[in-house]
*Asks:* 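Okay, handing you the structure first.
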Protein chains: 2
Amino acid sequence: MDTTVAKGLAVLAHLARAEAPLRLSQVAQDLDLQKSNTHRLLSTLSELGYVRKEPETGRYAPTLKIWELGACVISAHPAKRAAAPYLQELHRITGETTTLSLLDGHQVLVLDKIVAPRTLRFTSRPGSRVPAALNASGLAMLAQETTPEPLIRMALAESPHGRDLAAEDILAELEVVRGRGYALMLKSKYTPGVVGVAASLPTRDGHARAALSASGPAERFTGAHLDEIIEAVRVIAARVANATGPI
Amino acid sequence: MDTTVAKGLAVLAHLARAEAPLRLSQVAQDLDLQKSNTHRLLSTLSELGYVRKEPETGRYAPTLKIWELGACVISAHPAKRAAAPYLQELHRITGETTTLSLLDGHQVLVLDKIVAPRTLRFTSRPGSRVPAALNASGLAMLAQETTPEPLIRMALAESPHGRDLAAEDILAELEVVRGRGYALMLKSKYTPGVVGVAASLPTRDGHARAALSASGPAERFTGAHLDEIIEAVRVIAARVANATGPI
DNA sequence: GGACGTCATTCCATTATATGGAACGATCCG
DNA sequence: CGGATCGTTCCATATAATGGAATGACGTCC
């Protein structure tokens, strides 16, 4: 274990996740490092171009270099590449915000998103994580037949199921999702007022789980429009399954 | 200079930029490291979750963790946040692929892109870099009045101007761009068959340079449609300039 | 305006730690 | 079956990271 590498990446990650540039002593305190140590780590990261020291404030901010690296990784990601046209088409048909997600452990990782040109309400940012049990895409992926039982248990355990979100309810909901082939989250606990419709996608390797979703404000997701959206999600997911190769 | 951090990040960056998973000895050879050293670096990166060793092939591949970090950085980027609605609207009006770019040194860095729903031809990937002098967005940014002379010289020097792309021609073109307020690249040397229309955006801090562009196949970028596109680019760039705050 | 506190930076002796060579199996290929 | 390449482990060595102290700059509060 190269501890210096671990520290350097911890500093970089800390700056990336911070909402604003950080002072040296702040970083040192947050990560429990010595000031002199932090100083050298930040200096080397600056030399390497991953970090920039603001001349005015003296604070440190990440540059776009990590993002450039990450962009290489995501653009090469097989699921993202394969699903991109379907994500696009679902957006074209429904006119709503559509997302492509992966199940990573007990969390939903948002891979890609096309936002509705309308007034954009809450939109989950690509790269963000959401508890699987609180999200239409998460339910769709958990409901896949190939999902091992322990993974579902873990996802339920990790989700903040309080008074109005019992584990039994979610398990029952998963049964429903499995039966009809898509997940519908009308009353989201995670993002109130947002309705999501999602279907899981078959993946080349069985252990990866992916889902497509369309989501938007509850006021618009009713009646005939909602029926259209559900139908579009089902049709496109089925088309992925019947395509030349799965995701 | 923490050399171990530099090596670790070099390994990570190398894996990220590689088009396929790499074997250990390949990484060691490419980066001129010892095998045992590379082994430990890859092990620590795996422990930290930035790298995964494929069980089947034994090769190493980057995980999505770097991408997640990069997504945090880009989503917090002020220019990207501020320009997103304009990028969206330019796409809505023109129906073509639109991009938001920054000038970083003598290169254009593509920040964001909305692809045309039509058959997608060549599309520059977000995170990719293009020589500034070979690209409509690059010309628009170089033509800004605030661009220092040496930067233009450098951009020209770095661009592969051969027989049909003399430095004088580009300088003359920059004059034209400066006069009419937008850049038009009809015969792209970098991506043949693609026409680009771009205008620079005013930025809060004078030294950052940003541009919006619409681009697509040469066959479609003619006559009235091209005029519409040019007008849309001009109008939206002007709207940014007159907005509450610049980018 | 002066004094205090916080911060960033530099230096250096100490030692922990990264290093690279060698040696060992495993695996692949001819 | 034999040779070659690869990944992995081990360990003595020396390099390079560490943390404490000292310094100077900056900002803040009486």
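To find a chain, count down the sequence lines: A is the first, B the second, and so on, and within it residues start at 1.
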*Asks:* Within the distance-only criterion (no hydrogens, no angle test), does the side chain of B:Ser128 pair as donor or acceptor with the backbone N or O of B:Ser124 below 3.5 angstrom?
*Replies:* no
*Asks:* Scan side-chain atoms only and decide if B:Thr146 and B:Arg209 contain a donor-acceptor pair under the 3.5 Å cut-off.
*Replies:* yes
*Asks:* With no hydrogens and no angle check, is any side-chain donor or acceptor of A:Ser137 less than 3.5 Å from a backbone partner on A:Leu212?
*Replies:* no
*Asks:* For B:Glu54 and D:dG7, what is the distance between atoms CD and P respectively, to the nearest whole Å?
*Replies:* 13 Å
*Asks:* Using the closest heavy atom to pick a nucleotide of DNA chain C for each, name whichever of A:Gln26 or A:Val5 lands nearer the 5' end.
*Replies:* A:Gln26
*Asks:* Take atom CD of B:Glu56 and atom C1' of D:dG7, then tell me their distance rounded to the nearest Å.
*Replies:* 17 Å
*Asks:* Quick check: on DNA chain C, is the nucleotide nearest A:Gly58 upstream (toward 5') of the one nearest A:Asp2, or the reverse? Name the residue that is more 5'.
*Replies:* A:Gly58
*Asks:* Can you check side-chain contact (heavy atoms from CB on, under 4.5 Å) on B:Leu9 and B:Lys7, steps first, answer last?
*Replies:* CA-CA 5 Å; B:Leu9 281 169; B:Lys7 289 180 190 173; over 6 Å; no
*Asks:* Check this one for me: any side-chain N or O of B:Lys7 less than 4.0 Å away from OP1 or OP2 of C:dT19?
*Replies:* yes
*Asks:* Give, ordered by number, those residues of residues 29-50 of chain A having at least one heavy-atom distance below 4.0 Å to an atom of DNA chain D; if nothing qualifies, reply none.
*Replies:* A:Gln34, A:Ser36, A:Asn37, A:Arg40
*Asks:* Would you say the side-chain atoms of A:Thr4 pair up with the backbone N or O of B:Thr4, donor to acceptor, closer than 3.5 Å?
*Replies:* no
*Asks:* What is the distance, to the nearest angstrom, from the CG atom on A:Leu22 to the P atom on C:dT6?
*Replies:* 19 Å
*Asks:* Report yes if at least one side-chain N or O of B:Thr3 is closer than 4.0 Å to OP1 or OP2 of D:dA17; otherwise report no.
*Replies:* yes
*Asks:* Which heavy-atom pair separates B:Ile152 from B:Arg178 by the least distance, and what is that distance?
*Replies:* CD1-NH2, 4.3 Å
*Asks:* Can you identify which nucleotide, out of C:dA18, D:dA17, C:dC7, has its nearest atom closest to the A:Ser25 side chain?
*Replies:* C:dC7
